[in-house]
Amino acid sequence: MFTTDYNKIIEQINAINPSKYASTRNYLNGAVTKLSPYISRGVISTQLIYQTLIGKGIAKYQMEKFVQELAWRDYYQQVWIAKQTQIDDDIKQDQQPVATQHLPSAILNAATGITAIDKGITDLYNTGYMHNHLRMYIAGITCNAGQAQWYNPAKWMYYHLLDGDWASNALSWQWVAGTFSSKKYIANQENINKYCNTNQTNTFLDVPYDGFPLNKIPDVLQSAAPIQLSTVLPAQQPITLDNTLPTYIYNSYNLDPEWHKHDIGNRVLLLEPSHFAKYPVSEKVLNFVIELSNNIPNIQIVVNEFDTLVNLVDIKKVYYKEHPTANHYKGIQESRDWMVPSVKGYYPSFFGYWKKVEKQL
Ligand SMILES: Cc1cc2nc3c(=O)[nH]c(=O)nc-3n(C[C@H](O)[C@H](O)[C@H](O)COP(=O)(O)OP(=O)(O)OC[C@H]3O[C@@H](n4cnc5c(N)ncnc54)[C@H](O)[C@@H]3O)c2cc1C
């Protein structure tokens with residue numbers, strides 16, 4: 001379903017219809033772009049997408065909603081850079097009430113009884129993708145109806161998403177759970193029916209909005225248990241590195257085929273066991289990352305820690321892209337391609353950030 005061919009990915013950028021996007025994006029069958037797996041993995045950037053739309057002569061007012069969504073991506077990345085691992089904890093206020101640290105079993109097993117939700121979870125397992133509105137519904141059911149602390153459920157969702165981006169993920173869960181926003185998000189059955197094209201009644205969410213917060217955890221969400229998430233990395237194959245040449249480091253957040261494309265050097269897809277121990281991903285996600293790396297000629301996979309890899313090459317000629325998960329890399333750090341590179345740092349709210357971005361666009 002998701003191509004890994006770079007030329008086809010570029011074609012998908014060219015096919016974006018920002019007006020249709022703005023009017024339909026909240027619907028499951030709306031004109032969303034499905035570009036996030038490529039943005040998250042650093043194959044393409046928000047800047048490249050924005051410049052492509054400008055190049056096509058699309059008026060700014062027509063693309064405002066879409067560009068604002070792209071800005072959410074950059075915003076969350078800036079929060080991650082500023083707060084580092086603090087994004088793993090409640091940012092603005094503590095989540096309350098919390099009845100469990102674990103994902104409700106009904107979510108894990110796609111058995112909430114709400115057909116749109118259960119189908120969305122099954123599709124996530126099968127495809128590695130989920131529409132934004134479903135992600136919001138599921139986080140709301142988990143944290144606000146089920147009173148589960150957001151962190152472990154977020155890790156479960158991240159594990160399965162081809163577009164897994166820990167900033168967008170953790171901070172969106174926090175936004176829904178009310179720890180990085182001013183109020184908790186929850187939608188009722190009527191809202192789900194409207195955007196998911198279902199017609200269900202008599203579910204635990206079939207209540208008017210003044211029925212929230214629910215006065216007790218619905219029975220179907222009562223059971224929750226720890227789940228084990230781990231990544232099986234490939235076995236190391238023999239590799240050849242020339243330590244007289246520069247070395248370009250790619251990883252699961254930087255798979256940009258255009259990066260230093262014309263420079264001769266070693267190209268390494270670095271799969272660090274320590275990274276995947278902290279941020280586990282499914283086999284489907286790992287295979288997707290490896291397939292995307294095939295767009296980079298002569299790339300070799302190294303399953304090891306950065307500190308071991310650099311013993312094999314000339315550290316003065318090691319190049320990598322800035323990223324919060326690459327803070328321990330050494331060598332020459334290069335910037336990512338932000339939509340507006342000059343707007344940096346922590347903004348407590350997206351709209352504070354957006355105001356600055358909008359002025360520069
Ligand atoms: C609980 C939850 C978890 C999420 N986890 C992730 C995640 O791990 N990785 C991830 O990439 N996104 C995550 N998102 C954000 C959003 O759901 C996805 O980026 C979007 O659904 C991707 O599909 P698309 O490319 O078709 O999006 P489109 O609607 O076509 O949007 C275009 C681009 O804008 C950006 N964007 C759109 N909506 C958001 C948003 N709410 N936050 C940040 N950027 C956005 C993305 O880069 C996206 O590719 C999460 C949202 C929620 C509510």
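In each ligand, atom 1 is the first atom listed, and ligand 1 is the first ligand listed.
- In this structure, the protein non-hydrogen atom closest to atom 9 (N) of ligand 1 is Asp163 O, 2.8 Å.
- When only interatomic distances are considered, the shortest N/O to N/O separation between Ser172 and ligand 1 does not fall below 3.5 Å.
- Atom CG of Asn199 sits about 13.0 Å away from atom CD1 of Ile192, to the nearest 0.5 Å.
- Heavy atoms of Ile39 found under 4.0 angstrom from ligand 1 belong exclusively to the side chain.
- Between Tyr320 and Phe306, the angle of the ring planes goes over 60°, which puts this pair in the perpendicular group of the 30/60° scheme.
- Taking the ring centre of Tyr129 as origin, the terminal cationic atom of Arg135 falls inside the region bounded by 6.0 Å and 45° from the ring axis.
- Taking OH from Tyr329 and NZ from Lys321, the interatomic distance works out to 13.0 Å, rounded to the nearest 0.5 Å.
- The protein atom (non-hydrogen) at minimum distance from atom 25 (O) of ligand 1 is Ser36 N, 2.9 Å.
- Note: no N/O pair closer than 3.5 Å links Trp72 and ligand 1 by distance alone.
- Of the heavy atoms in Asn132, both backbone and side-chain atoms come closer than 4.0 Å to ligand 1.
- Separation of atoms NE2 (His323) and CD1 (Ile81) is listed at 8.0 Å; rounding is to 0.5 Å.
- Closest to atom 28 (P) of ligand 1, if we only count protein heavy atoms, is Tyr21 OH, 3.4 Å.
- The distance from atom CG of Leu205 to atom CD of Glu190, rounded to the nearest 0.5 Å, is 12.0 Å.
- Only the side chain of Ser40 comes within 4.0 Å of ligand 1, counting heavy atoms alone; its backbone N, CA, C and O stay farther away.
- Atom 18 (C) of ligand 1 has as its closest protein heavy atom Arg135 NH1, 3.8 Å.
- For Lys65 and Glu69, the salt-bridge test passes: some basic side-chain N is under 4.0 Å from an acidic carboxylate O.
- By the 30° and 60° cut-offs, the orientation of the rings of Tyr353 relative to Tyr347 is perpendicular.
- Nearest to atom 42 (N) of ligand 1 among the protein's heavy atoms is Tyr76 CE1, 3.6 Å.
- Remark: ligand 1 and Leu161 share no N or O pair separated by less than 3.5 Å (distance only, no angle test).
- Neither the backbone nor the side chain of Trp175 has a heavy atom within less than 4.0 Å of ligand 1.
- In this structure, atom 44 (N) of ligand 1 lies nearest to the protein heavy atom Arg73 N, 3.5 Å.
- Of the protein's heavy atoms, Leu70 CD2, 3.8 Å lies nearest to atom 33 (C) of ligand 1.
- Salt-bridge check for Lys261 with Glu258: passed, with a basic side-chain N closer than 4.0 Å to an acidic carboxylate O.
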